[in-house]
There are 2 protein chains.
Amino acid sequence: MTKQEIHQIVSRRSRPAKAPLGRDIIVTTALDLLSRDGLSGLSLRKAAAALDTGPASLYVYFANLGELHTLMLDRALSAVALPAAREGGWRERLTFVLASYLHVLYNGHGLAQLALSTIPTGPNALRLLETLLELLLEGGIDQAVAAWAVDLLVLHVTSVAAEQSVRRDQGYSFGPVIGAINAVSEADYPRIHGLREELLSGGLARFGWGVDVLINGILHAPTLPIATEDIAKPFVKPTE
Amino acid sequence: MTKQEIHQIVSRRSRPAKAPLGRDIIVTTALDLLSRDGLSGLSLRKAAAALDTGPASLYVYFANLGELHTLMLDRALSAVALPAAREGGWRERLTFVLASYLHVLYNGHGLAQLALSTIPTGPNALRLLETLLELLLEGGIDQAVAAWAVDLLVLHVTSVAAEQSVRRDQGYSFGPVIGAINAVSEADYPRIHGLREELLSGGLARFGWGVDVLINGILHAPTLPIATEDIAKPFVKPTE
DNA sequence: ACCTGAACACCGTTCAAGT
DNA sequence: ACCTGAACACCGTTCAAGT
């Protein structure tokens with residue numbers, strides 16, 4: 001045995017431990033990173049670096065990155081404005097809350113994209129959900145219908161916010177989609193070609209239009225969701 | 001100068017170059033990986049390894065990972081069944097195409113999630129879009145309305161497929177969402193609590209219900225999308 | 001209880017070197 | 001034109017070691 005095989009235990013520390021971090025500071029820092037650099041500029045390691053610590057330190061507060069995302073989204077949702085009770089009709093107030101939700105997502109740069117892949121379960125998300133349910137029920141919509149309808153509404157708003165903020169962040173009139181639609185062959189796809197402008201138009205205005213369409217549809221929905229499970233059966237697996 | 005500083009150029013090759021790969025084989029291999037291991041099991045490096053080559057080789061065929069995703073999705077969409085012309089009403093055929101799209105996504109394991117973050121622009125995606133437009137126009141729906149409506153329909157179906165396939169792949173009745181909804185305080189969120197079963201129920205049946213709601217809403221939509229851009233104005237930025 | 005450094009097992013992408 | 005190995009600049013997560 002040589003001396004090199006006797007392992008000296010030496011402290012690997014180069015500085016003393018700091019004061020405990022806490023969830024709030026981490027979430028705030030991560031949201032700052034997100035709104036400054038977008039979704040691609042956000043990582044656990046970067047958040048840790050911004051807090052002057054190593055990535056391992058954050059695992060005291062979160063089980064994983066997904067949990068941090070969930071908390072970030074819920075924190076951001078605290079900015080959603082709920083309507084003053086009884087001011088205007090239920091439909092007006094419903095549109096108001098959803099518009100506020102739209103803008104919180106649209107203004108927090110990478111936030112809308114994050115919302116598409118993260119299902120929030122924190123108090124602010126629940127508060128929003130509760131408010132939406134309340135307004136739909138006030139509108140006389142059947143309970144079971146209302147339960148499914150909120151999903152449709154929230155999804156629509158989230159995806160409009162995501163699509164538009166992506167478009168804003170990478171320059172208005174470029175991107176592969178716009179190119180592909182504009183380049184479409186008139187012979188092969190006459191309707192896409194003819195409607196290429198309408199397919200790409202709208203921007204944030206799609207929000208209001210979609211909400212109208214959805215509410216109209218919800219008002220005309222069958223009271224009890226029909227059992228349509230069987231529609232799903234007679235199809236084969238893809239490319240085999 | 002020592003001898004060590006005179007760099008000998010030695011081949012780093014350990015085997016001769018293989019026959020060219022080609023896009024098709026790569027896409028096929030990547031789709032196989034996806035349906036076997038799900039979205040988390042898919043990477044450029046794993047696809048390259050499955051093809052017995054290094055990751056750099058694939059860059060001859062794709063500019064980046066996103067482009068591979070787009071091609072994968074379009075390839076998968078070739079399995080979407082289009083309805084036989086004039087068989088049944090337009091609404092029936094519309095539901096049929098969408099159901100086929102639903103199942104292609106649902107059956108290709110990570111495919112639905114991939115579809116949520118990838119906007120396909122290949123021929124099969126365009127063919128689907130063209131068909132949907134055709135059916136809506138056949139239904140007498142205004143052109144501008146139809147252009148926006150396809151987006152709503154496709155998004156709905158994609159997200160139902162994504163949500164349900166995630167739920168299937170991680171065990172039916174678990175996950176943080178289900179836990180959070182079920183654990184909600186009756187005092188704070190009475191409506192969520194009261195409707196907790198309905199909020200989580202439905203599965204693939206939500207597809208048919210949502211399509212009905214959407215078509216009804218589209219049929220009741222104003223002929224010209226209203227200018228709702230201004231709804232979007234009066235809100236502040238989140239948490240500052 | 002929580003911070004710290006280092007390591008582990010990955011990523012996508014680029015590049016010079018080869019054929 | 002396309003394959004190949006190696007490197008670059010990252011990831012999220014785990015772990016023993018420290019306080």
Side-chain angles (χ1 to χ4, degrees), chain A residues 6-27 29-30 33-34 36-72 110 113-114 117-118 170 176, chain B residues 6-27 29-30 33-34 36-72 110 113-114 117-118 170 176:
Chain A
I6 299 161
H7 303 296
Q8 273 288 124
I9 292 172
V10 178
S11 175
R12 290 175 301 190
R13 286 279 171 92
S14 61
R15 56 176 174 181
K18 294 200 323 256
L21 286 163
R23 284 191 163 202
D24 277 1
I25 322 158
I26 302 174
V27 171
T29 306
L33 277 176
L34 183 65
R36 182 153 48 83
D37 304 327
L39 199 56
S40 63
L42 173 71
S43 74
L44 258 179
R45 295 181 97 101
K46 280 176 186 159
L51 288 160
D52 192 32
T53 185
S57 304
L58 306 190
Y59 283 86
V60 179
Y61 302 98
F62 316 106
N64 50 47
L65 183 63
E67 205 172 302
L68 175 57
H69 284 166
T70 303
L71 286 160
M72 288 171 68
Q113 284 164 275
L114 198 154
S117 59
T118 308
Q170 28 174 258
Chain B
I6 300 162
H7 302 296
Q8 274 288 124
I9 293 171
V10 178
S11 175
R12 290 176 302 191
R13 288 278 172 92
S14 61
R15 56 176 172 179
K18 294 199 323 260
L21 286 163
R23 284 191 163 201
D24 276 1
I25 321 158
I26 303 175
V27 171
T29 307
L33 277 176
L34 183 66
R36 181 153 49 83
D37 303 327
L39 200 56
S40 63
L42 173 69
S43 73
L44 259 179
R45 296 181 97 101
K46 281 176 187 159
L51 289 159
D52 191 33
T53 185
S57 304
L58 306 190
Y59 283 85
V60 179
Y61 303 98
F62 316 106
N64 50 47
L65 183 63
E67 206 174 302
L68 174 58
H69 283 167
T70 304
L71 287 160
M72 288 171 68
Q113 283 163 276
L114 198 155
S117 58
T118 308
Q170 27 174 260

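Per chain, numbering begins at 1; letters A, B, ... match sequence-line order. Quick caveat: nothing in here was measured; it's all calculated off a predicted structure.
Atom CG of B/Asp52 and atom P of D/dC3 are 12 Å apart (whole Å). Straight-line distance from the CG atom of B/Leu58 to the P atom of D/dC3: 9 Å, rounded to whole Å.
Taken residue by residue, residues 38-51 of chain A places heavy atoms nearer than 4.0 Å to DNA chain D at A/Ser43, A/Leu44, A/Arg45, A/Lys46. If you check residues 61-72 of chain A against DNA chain C, the residues with a heavy atom closer than 4.0 Å are A/Tyr61, listed by number.
Panel note: side chain B/Tyr61, backbone B/Ile26; no donor-acceptor pair is recorded below 3.5 Å. In terms of modelled atom types and a separation under 3.5 Å, the side chain of A/Asp37 and the main chain of A/Ser40 share no donor-acceptor contact.
Relative to the side chain of A/Ala56, the nucleotides D/dT13, C/dG5, D/dC3 differ in distance, and C/dG5 lies closest. Considering only side-chain atoms of A/Leu21, the nucleotide from C/dG5, D/dT13, C/dC3 that sits closest is C/dC3.
With rounding to the nearest 0.5 angstrom, the CG atom of A/Leu33 is 11.5 Å from the CG atom of A/Leu39.
The closest side-chain heavy-atom distance from B/Leu51 to B/Leu58 is below 4.5 Å.
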Subject >> Paired and unpaired positions of DNA chain C as dot-bracket, Watson-Crick or G-U wobble under 3.5 Å, | denoting a partner strand >> reply: ||.|||||...|||||.||
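Here the separation of D/dC10 from C/dA9, taken at their P atoms, is 22 Å to the nearest Å.
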